[in-house]
Amino acid sequence: MKYADLHLHTVYSDSTYTPQELIAASVKAGLSAISVVDHDTVEGIAPTIAAAKKENIEVVPGIELSAEYEQSEVHILGYYVDCANKELLLKLAKVQQNRIDRIHKITEKLKELGLALEPDDVFKQGTGGTVGRLHVARAMVEKGLVSSTYEAFQKYLGDKGPAFFLGFRVSPQEAVSLIRNAGGVPVLAHPCTLHNDELILKFISCGIMGLEIYYPEHSQGMINLYLDIAKNYNLLVTGGSDCHGKGKSEVRIGSIKLPYELVEEIKAAKGGR
Ligand code: AMP
Ligand code: ZN
Ligand code: FE
Ligand code: FE
């Protein structure tokens, strides 16, 4: 049997794993195919493909776009996007700048709460790709403001937290169009984080082609419900561990092993269904 993990991050967004470390961990986990889906960037794809050259691992190019719907984040995965697509790269450059501006807003909010953190403390955590809340959380741990990244999200940075700032994001419709125009397959990431199953139907009407059903936080009940929806709406079934290396409390790679046939179905759906 061949297995895949289609939701992995690198240092080009907010994982601690370099492409080389990610490939080494993938080999150890017994994976035959992986997808790098960094937040709002495709910079990690080429280095990961290069790192996989000597190993028998297929790297599916991907992205995890952050969209905004009614003041909340909605993550949309794009598999097999063309990493050289001009429209996509132009949009990503703007989003990258928005993410930098957002860090200033978040640190201002933290300051108002009495927590001294400079934007540079946060930028130091990154390696030049996109910056986000996990970098803020790590900087807070380093400064001794919280004892764990978990605590940082629980107390301050979570979606309803006092230091949360959404910033400008694309709409789900726009995210789907960007991915489709770049030849990719749009998939709704971790539907559990929506906390509202009706929204799944809403995003299907935006042109989503698949659901990320196998995910560490999904209970068997959720999986069964999402499988029913996928069947009824003729959607692709995907999954992955959302491993951030050592950036989160546990290293998750290997916790989700997707049958490789599902990768072939996504591949076959490229360019429209
Ligand atoms: P951003 O794109 O900057 O909004 O940050 C997204 C990152 O924050 C992703 O890695 C999420 O998994 C992580 N994240 C969001 N909410 C939480 C939470 N409550 N606890 C831990 N990580 C979270
Ligand atoms: Zn992340
Ligand atoms: Fe996500
Ligand atoms: Fe993710």
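Positions are given from 1, in the same order as the sequence printed here. We count ligands from 1, going down the list as the structure has it; atoms in each ligand are counted the same way.
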Heavy atoms only: which of Arg133, His39, Glu73 lies closest to atom 9 (C) of ligand 1? His39

Counting heavy atoms only, which part of Thr149 comes closer than 4.0 Å to ligand 1: side chain, backbone, both or neither? neither

Please list, in number order, the atoms of ligand 1 under 4.0 Å from a heavy atom of Gly132. 3 (O)

Apply ring pair (Phe, Tyr, Trp, His ring centres under 6.0 Å) to Phe203 and Tyr69, showing your working. CA-CA 10 Å; Phe203 300 139; Tyr69 186 78; 5.3 Å; yes

Identify the two heavy atoms, one from Gly245 and one from Val251, that lie closest to each other, and give their separation to 0.1 Å. O-CG2, 3.3 Å

Suppose we measure from atom 8 (O) of ligand 1 to each protein heavy atom; which comes out shortest, and what is that distance? Phe153 CZ, 3.4 Å

Taking N, O or S atoms only and a limit of 2.8 Å, check whether His75 reaches the Fe ion (ligand 4). no

Kindly determine whether His190 and His218 satisfy ring pair (Phe, Tyr, Trp, His ring centres under 6.0 Å), including the steps that lead there. CA-CA 8 Å; His190 40 65; His218 288 175; 7.9 Å; no

To the nearest 10°, what's the angle at the Fe ion (ligand 4) between atoms OD1 (Asp242) and NE2 (His7)? 80°

Check for me whether Arg99 has a heavy atom closer than 4.0 Å to any atom of ligand 1. yes

In ligand 1, the atoms that come under 4.0 Å of a heavy atom of Arg102 are 1 (P), 3 (O), 4 (O)

The single option from Asp40, Val42, Thr41 passing side chain to side chain contact (heavy atoms under 4.5 Å, CB included) against Ile63: Val42

Ignoring hydrogens, what is the shortest heavy-atom contact between Val37 and Glu64? Give both atom names and the distance. O-CB, 3.3 Å

For Arg102 and Gly167, indicate whether the former's side chain and the latter's backbone hold a donor-acceptor pair under 3.5 Å. no

Under a 4.0 angstrom heavy-atom cut-off, which atoms of ligand 1 come close to Asp14? 7 (C), 9 (C), 10 (O)

Within the structure provided, determine whether Ile34 and Leu22 are in side-chain contact (heavy-atom separation under 4.5 Å). yes

Should the ring pair His9 and His244 be called parallel, tilted or perpendicular, given that the plane angle runs from 0 to 90° and is split at 30 and 60? parallel

Metal environment of the Zn ion (ligand 2), protein N/O/S under 2.8 Å: Asp14 OD1, Asp14 OD2, His39 NE2, His244 NE2

The atoms of ligand 1 lying under 4.0 Å from a heavy atom of His244, numbered in the order shown, are 10 (O)

Would you indicate whether the side-chain heavy atoms of Leu211 and Ile229 approach each other to under 4.5 Å? yes

Is the CD atom of Glu250 crowded by more than 12 outside heavy atoms at less than 6.0 Å? yes

What are the two closest non-hydrogen atoms of Lys109 and Pro162, and how far apart are they? CD-O, 3.6 Å

Any heavy-atom pair between the side chains of Tyr214 and Thr238 that's under 4.5 Å? no

Can Lys248 be said to touch ligand 1, with heavy atoms closer than 4.0 Å? yes

Has His135 got any heavy atom lying under 4.0 angstrom from an atom of ligand 1? no

Which N, O or S atom name in Glu64 marks its closest approach to the Fe ion (ligand 4)? OE1

